[in-house]
Engineer: 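Pasting a structure below so you can have a look.
Quick note on labels: first sequence line is chain A, next is B, and so on, each numbered from 1.
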There are 2 protein chains.
Amino acid sequence: MSEEDLVAVNQLRSSVMRLSRRLKHQHVEQSLSPTEMSVLGTLARCGSATPGELARREHVQPPSMTRIIAMLEEKGLVRRESHPQDRRQVVVSMTEQAAEILDESRRRRNAWLAELASQLTDEEWAAVREAAPALYRLAHL
Amino acid sequence: MSEEDLVAVNQLRSSVMRLSRRLKHQHVEQSLSPTEMSVLGTLARCGSATPGELARREHVQPPSMTRIIAMLEEKGLVRRESHPQDRRQVVVSMTEQAAEILDESRRRRNAWLAELASQLTDEEWAAVREAAPALYRLAHL
DNA sequence: GATTTTTAATTAGCGAGAGTAATGACGTAA
DNA sequence: TTACGTCATTACTCTCGCTAATTAAAAATC
């Protein structure tokens with residue numbers, strides 16, 4: 001890693017932290033906490049999951065996840081079912097209503113970011129657009 | 001904005017949100033809450049600020065900010081002084097100790113991100129490095 | 001097969017950190 | 001001087017995370 005690589009890393013970290021803070025304030029669903037939204041996002045990605053899996057992915061303890069799931073179920077946003085092979089486990093999946101909320105949230109945040117990006121020069125935006133797939137992969141490593 | 005622009009925006013948003021979550025788990029100072037760290041970061045950027053300004057920037061209510069500042073002062077990380085022209089106000093600035101904590105946090109997160117980025121191909125990393133200044137500007141618009 | 005250990009989810013209780021309502025001090029305008 | 005707005009703070013409440021403990025089920029061991 002060269003010196004200019006390190007500069008780029010620093011700029012990237014700073015940009016990521018700052019942009020995410022600003023994106024977070026583009027509110028959509030006021031009745032859902034950030035963690036609830038995040039859980040729905042995780043469920044959207046992997047279809048269904050057990051409370052333990054969700055707790056690990058969201059970096060919370062299992063009892064906290066139990067409560068979050070209960071709240072989401074109460075709001076009609078997730079379903080809980082027994083695991084087909086293991087009666088200790090529960091399988092959580094999200095409802096169509098939750099999918100709609102996620103779509104709307106995504107749409108709004110994308111619109112905000114697109115508006116922000118329109119203030120870049122053509123060259124700047126071209127570089128960002130060129131790097132987007134690599135950034136996507138970086139985030140999913 | 002073309003269709004492929006919108007795809008890039010979506011990838012960028014997703015990457016930013018995901019990377020920031022992961023960066024947040026590279027803990028440094030366990031005795032400081034995320035908001036406390038963020039307040040120190042804000043003070044680092046603008047030198048000093050009133051509680052009201054800090055509350056607005058951090059998107060919390062003034063009483064919450066009063067408490068956060070009190071805790072930071074107790075930990076020796078900020079100083080509170082009367083405003084020179086307005087006796088209603090307080091001016092908050094950070095100590096040298098806080099600056100050291102911020103530096104260490106930044107260093108650790110940069111190291112983590114650099115390690116992650118080393119898993120990209122040369123082409124991918126080149127694109128990200130090329131886009132870093134534009135991303136930085138985007139984040140500060 | 002019986003027993004022990006491990007795994008998974010849940011309940012109960014606690015505390016940190018956010019919000020709201022109210023208050024007091026200060027500054028400015030009338 | 002009075003009225004109003006600004007600023008920070010105090011007091012109280014609530015949300016949402018954690019830990020400790022419990023129960024049920026599955027897996028491992030004897």
Side-chain angles (χ1 to χ4, degrees), chain A residues 20-21 24-25 27-43 46 48-75 77-94, chain B residues 20-22 24-43 46 48-75 77-94 98 101:
Chain A
S20 72
R21 273 199 294 272
K24 277 207 184 78
H25 294 121
H27 284 307
V28 175
E29 191 57 54
Q30 301 283 12
S31 64
L32 296 181
S33 73
T35 312
E36 282 172 313
M37 286 298 294
S38 185
V39 167
L40 292 182
T42 297
L43 286 174
C46 55
S48 61
T50 64
E53 282 167 13
L54 288 169
R56 282 187 293 275
R57 284 168 182 262
E58 302 296 329
H59 295 278
V60 300
Q61 299 300 309
S64 307
M65 187 48 71
T66 298
R67 179 188 346 227
I68 289 163
I69 291 164
M71 287 189 285
L72 287 172
E73 187 183 26
E74 192 174 298
K75 291 166 186 173
L77 301 180
V78 300
R79 275 187 300 265
R80 292 161 42 90
E81 285 149 359
S82 288
H83 192 282
Q85 277 92 33
D86 184 343
R87 303 239 318 270
R88 296 172 300 180
Q89 299 202 31
V90 170
V91 179
V92 182
S93 54
M94 66 178 200
Chain B
S20 73
R21 276 200 294 270
R22 297 174 72 184
K24 278 208 182 75
H25 293 122
Q26 308 309 315
H27 285 308
V28 176
E29 190 57 56
Q30 301 284 12
S31 66
L32 296 180
S33 72
T35 313
E36 283 173 312
M37 286 297 294
S38 187
V39 167
L40 292 182
T42 298
L43 287 174
C46 55
S48 62
T50 64
E53 283 167 11
L54 287 170
R56 282 187 294 275
R57 285 167 180 264
E58 301 296 329
H59 296 275
V60 300
Q61 299 301 308
S64 305
M65 187 50 69
T66 297
R67 187 204 329 247
I68 289 163
I69 290 165
M71 288 189 285
L72 287 171
E73 188 183 27
E74 191 175 297
K75 292 167 184 172
L77 301 180
V78 300
R79 275 187 301 265
R80 291 161 42 90
E81 284 148 2
S82 289
H83 193 281
Q85 278 90 33
D86 184 346
R87 305 235 321 267
R88 295 171 300 182
Q89 301 202 27
V90 169
V91 179
V92 182
S93 53
M94 69 175 198
I101 289 175

Engineer: Whole angstrom is fine here: how far is it from CZ in B/Arg67 over to C1' in D/dC14?
Structural biologist: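 About 12 Å, once rounded to whole Å.
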Engineer: Need one value for A/Arg80: base, sugar-phosphate or nothing, where a base atom within 4.0 Å counts as base even if backbone is also close, heavy atoms only.
Structural biologist: sugar-phosphate
Engineer: Taking the side chain as every heavy atom from C-beta outward, state whether A/Val39 and A/Leu43 have any atom pair closer than 4.5 Å.
Structural biologist: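 Yes; the side chains approach each other to less than 4.5 Å.
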Engineer: Would you kindly give the NZ-to-P distance between A/Lys75 and D/dT15, to the nearest whole Å?
Structural biologist: 10 Å
Engineer: Show the nearest heavy-atom pair for residues B/Lys24 and A/Ser20, with the distance to one decimal.
Structural biologist: NZ-OG, 4.5 Å
Engineer: Do you know which two heavy atoms are closest between B/Ala98 and B/Leu40, and how far apart they sit?
Structural biologist: CB-CD2, 4.0 Å
Engineer: Calculate the interatomic distance between B/Asp86 atom CG and D/dT9 atom P; express it in whole Å.
Structural biologist: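 It works out to 13 Å between those atoms.
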Engineer: Grab the NE2-P distance between A/His59 and D/dC18 for me, whole Å please.
Structural biologist: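 Rounded to whole Å, this separation is 11 Å.
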Engineer: What's the separation between atom CD in A/Glu36 and atom OG in A/Ser31, rounded to the nearest 0.5 Å?
Structural biologist: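 The OG atom of A/Ser31 is 7.5 Å from CD of A/Glu36, to the nearest 0.5 Å.
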Engineer: CD of A/Glu36 versus C1' of D/dG17: gap in Å, rounded?
Structural biologist: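 About 13 Å, once rounded to whole Å.
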Engineer: Nearest 0.5 Å please: distance from the CE atom of A/Met94 over to the OG atom of A/Ser48.
Structural biologist: 11.0 Å
Engineer: For A/Pro51, report the nucleic acid contact type (base, sugar-phosphate, nothing); a contact means any heavy atom under 4.0 Å.
Structural biologist: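 Touches sugar-phosphate only.
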Engineer: Between A/Pro62 and A/Gln85, which residue's closest nucleotide on DNA chain D lies nearer the 5′ terminus?
Structural biologist: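 The 5'-side residue here is A/Pro62.
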Engineer: Rounded to the nearest 0.5 Å, how far apart are CD1 of B/Ile69 and CD of B/Glu74?
Structural biologist: 14.0 Å
Engineer: For nucleotides 1-6 of chain D, read 5' to 3', which letter fits each nucleotide if B means a protein heavy atom sits under 4.0 Å from the base, S means only the sugar-phosphate is that close, and - means neither?
Structural biologist: ----BB
Engineer: Please tell me if B/Thr66 has a side-chain N or O lying less than 4.0 Å from either OP1 or OP2 of D/dT9.
Structural biologist: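 So the side chain of B/Thr66 is within the cut-off, an N or O lying under 4.0 Å from OP1 or OP2 of D/dT9.
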Engineer: Specify the separation, in whole Å, of atom CD of B/Gln61 and atom C1' of D/dT10.
Structural biologist: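 The distance from CD of B/Gln61 to C1' of D/dT10 comes to 15 Å, rounded to the nearest Å.
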Engineer: What range of DNA chain C does chain A touch, first nucleotide to last, counting atoms under 4.0 Å from its heavy atoms?
Structural biologist: C/dT7 to C/dG13
Engineer: Reading DNA chain D from 5' onward, which residue's closest nucleotide shows up sooner: B/Glu53 or A/Pro34?
Structural biologist: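 First, find each residue's nearest nucleotide; the 5'-ward one identifies B/Glu53.
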Engineer: When the distance from CZ of A/Arg87 to P of D/dA26 is rounded to whole Å, what number comes out?
Structural biologist: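 Between P of D/dA26 and CZ of A/Arg87: 6 Å.
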Engineer: Please report the interatomic distance CE(B/Met71) to OG1(B/Thr35), rounded to the nearest 0.5 Å.
Structural biologist: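 Output value for this atom pair is 8.5 Å.
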Engineer: Which heavy atom of A/Pro51 sits nearest a heavy atom of A/Met65, and at what distance?
Structural biologist: O-CG, 3.5 Å
Engineer: Over how many whole Å does the gap from B/Lys24 atom NZ to D/dG17 atom P extend?
Structural biologist: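 About 14 Å, once rounded to whole Å.
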Engineer: So, using ring-ring contact (aromatic ring centres under 6.0 Å, His included) as the criterion, who are the partners of B/His59 when residues are at least two apart?
Structural biologist: A/His25
